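Numbering starts at 1 and runs along the sequence shown. Everything quoted here is computed from the prediction, not taken from an experiment.
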Amino acid sequence: QCEEAAYEERWYPAGKWACVTKGEPMYEQSISMSFMKLMRYICKENSVGCYLGMTVPVLNEIHLTKEGTELEREVLTAYYLPGEFQQNPPVPMDPEIHITERAPLWVITRVFYGMTTEETILREIGLFWELLGSTDTVLRETYIVASYENPSIPQRRNEIWFIRRA
């Protein structure tokens, strides 16, 4: 029986993403409101008027406060556009949705399961730092929470991504 690796490194190529930034009082509110906007875009509220298709993971880019003890309010939620829309992305009807070309990304990632709240994310970041030890190879203020399943699934699969420095 194979034991699951503690973490892994991955490289993601550049690509176009539909992004929404929200700064609600609670992390969960920000990602929920952003995801609902993205779902409307994915489902039909776009310049081609059709369902674009779901891709995973959905990314939530977060920033820690200077003290590193809590999350900044603003969270960027991002949906990767399917391959057939990468060259010519459908225009969102919602002005809060922006199509962004994101640079290639090199991450160190670790899986966790369950709900993604500010508390669970801060705990996962702390556990991951303990596992990695002291290193200057990753950013300390910006992290990504990657979600692979519907938020209604109680033990859904998520990952915390530490971003490698260029």
Side-chain angles (χ1 to χ4, degrees), residues 7 10 12 14-82 85 89-103 105 107-130 138-164:
Y7 60 89
R10 283 192 217 129
Y12 290 92
K16 291 191 175 77
W17 295 74
C19 303
V20 177
T21 301
K22 286 283 184 194
E24 299 303 315
M26 291 175 63
Y27 170 81
E28 300 90 314
Q29 292 171 307
S30 292
I31 63 169
S32 176
M33 290 173 76
S34 293
F35 186 71
M36 291 315 297
K37 285 180 168 288
L38 290 171
M39 277 310 296
R40 286 192 291 275
Y41 169 69
I42 293 163
C43 288
K44 204 169 187 154
E45 291 180 17
N46 57 63
S47 58
V48 292
C50 69
Y51 177 67
L52 304 180
M54 192 62 208
T55 61
V56 291
V58 170
L59 305 183
N60 294 294
E61 185 177 300
I62 58 170
H63 303 274
L64 293 188
T65 56
K66 276 191 175 69
E67 305 76 39
T69 55
E70 52 187 51
L71 303 183
E72 293 280 353
R73 287 301 105 214
E74 287 210 331
V75 178
L76 180 137
T77 300
Y79 152 79
Y80 184 77
L81 288 154
F85 300 111
V91 177
M93 300 301 186
D94 186 329
E96 286 190 58
I97 299 173
H98 302 279
I99 305 301
T100 306
E101 172 88 31
R102 296 192 72 160
L105 195 59
V107 297
I108 301 174
T109 175
R110 183 169 185 266
V111 174
F112 69 100
Y113 296 90
M115 300 301 293
T116 55
T117 63
E118 181 166 352
E119 186 182 346
T120 60
I121 291 165
L122 289 169
R123 183 180 65 234
E124 290 300 325
I125 289 171
L127 290 169
F128 203 176
W129 273 114
E130 282 178 27
V138 295
L139 301 180
R140 287 193 170 268
E141 55 287 331
T142 303
Y143 301 89
I144 294 174
V145 178
S147 299
Y148 288 84
E149 296 167 310
N150 186 310
S152 65
I153 296 171
Q155 284 301 307
R156 75 173 176 170
R157 177 176 178 245
N158 307 290
E159 293 174 343
I160 190 77
W161 290 5
F162 282 23
I163 303 164
R164 299 242 4 181

Original post:
Can you tell me if CD on Glu119 sees more than 12 non-hydrogen neighbours from other groups inside 6.0 Å?
Top reply: no
Original post:
Do Asn60 and Thr77 meet the criterion of a side-chain donor-acceptor pair at a distance under 3.5 Å?
Top reply: yes
Subject >> side-chain contact (heavy atoms from CB on, under 4.5 Å) partners for Phe35, two or more places apart >> reply: Met39, Met54, Val58
Original post:
With sequence neighbours left out, what residues match Arg102 under salt bridge (charged side-chain N to carboxylate O under 4.0 Å, His left out)?
Top reply: Glu61
**OP:** Go through the structure and list residues passing side-chain hydrogen bond (donor to acceptor under 3.5 Å, both in side chains) with Gln155, not counting sequence neighbours.
**Re:** none
Subject >> All side-chain contact (heavy atoms from CB on, under 4.5 Å) counterparts of Phe128, not counting sequence neighbours >> reply: Tyr7, Ile108, Arg110, Leu131, Leu132, Ile160, Phe162
Subject >> Residue pairs involving residues 28-40 (criterion side chain to side chain donor-acceptor pair (under 3.5 Å); sequence neighbours excluded) >> reply: Lys37-Asp94, Lys37-Glu96
Subject >> Pairing residues for Glu101 by the salt bridge (charged side-chain N to carboxylate O under 4.0 Å, His left out) criterion, not counting sequence neighbours >> reply: Lys16
Subject >> Results of ring-ring contact (aromatic ring centres under 6.0 Å, His included) for Tyr148 - residues two or more places apart only >> reply: none
Original post:
Please, which pairs that meet salt bridge (Lys or Arg N to Asp or Glu O under 4.0 Å) have at least one residue in residues 145-161, sequence neighbours excluded?
Top reply: Arg10-Glu159, Arg157-Glu159
**OP:** Scan for side chain to side chain donor-acceptor pair (under 3.5 Å) pairs involving residues 41-50, sequence neighbours excluded, and state none if there are none.
**Re:** none
Original post:
With sequence neighbours left out, what residues match His98 under side-chain contact (heavy atoms from CB on, under 4.5 Å)?
Top reply: Thr100
Subject >> Partners passing side-chain contact (heavy atoms from CB on, under 4.5 Å) against Leu122 (at least two apart in sequence or in another chain) >> reply: Leu64, Leu71, Glu118
Subject >> With Arg140 via salt bridge (charged side-chain N to carboxylate O under 4.0 Å, His left out) - residues at least two apart >> reply: none
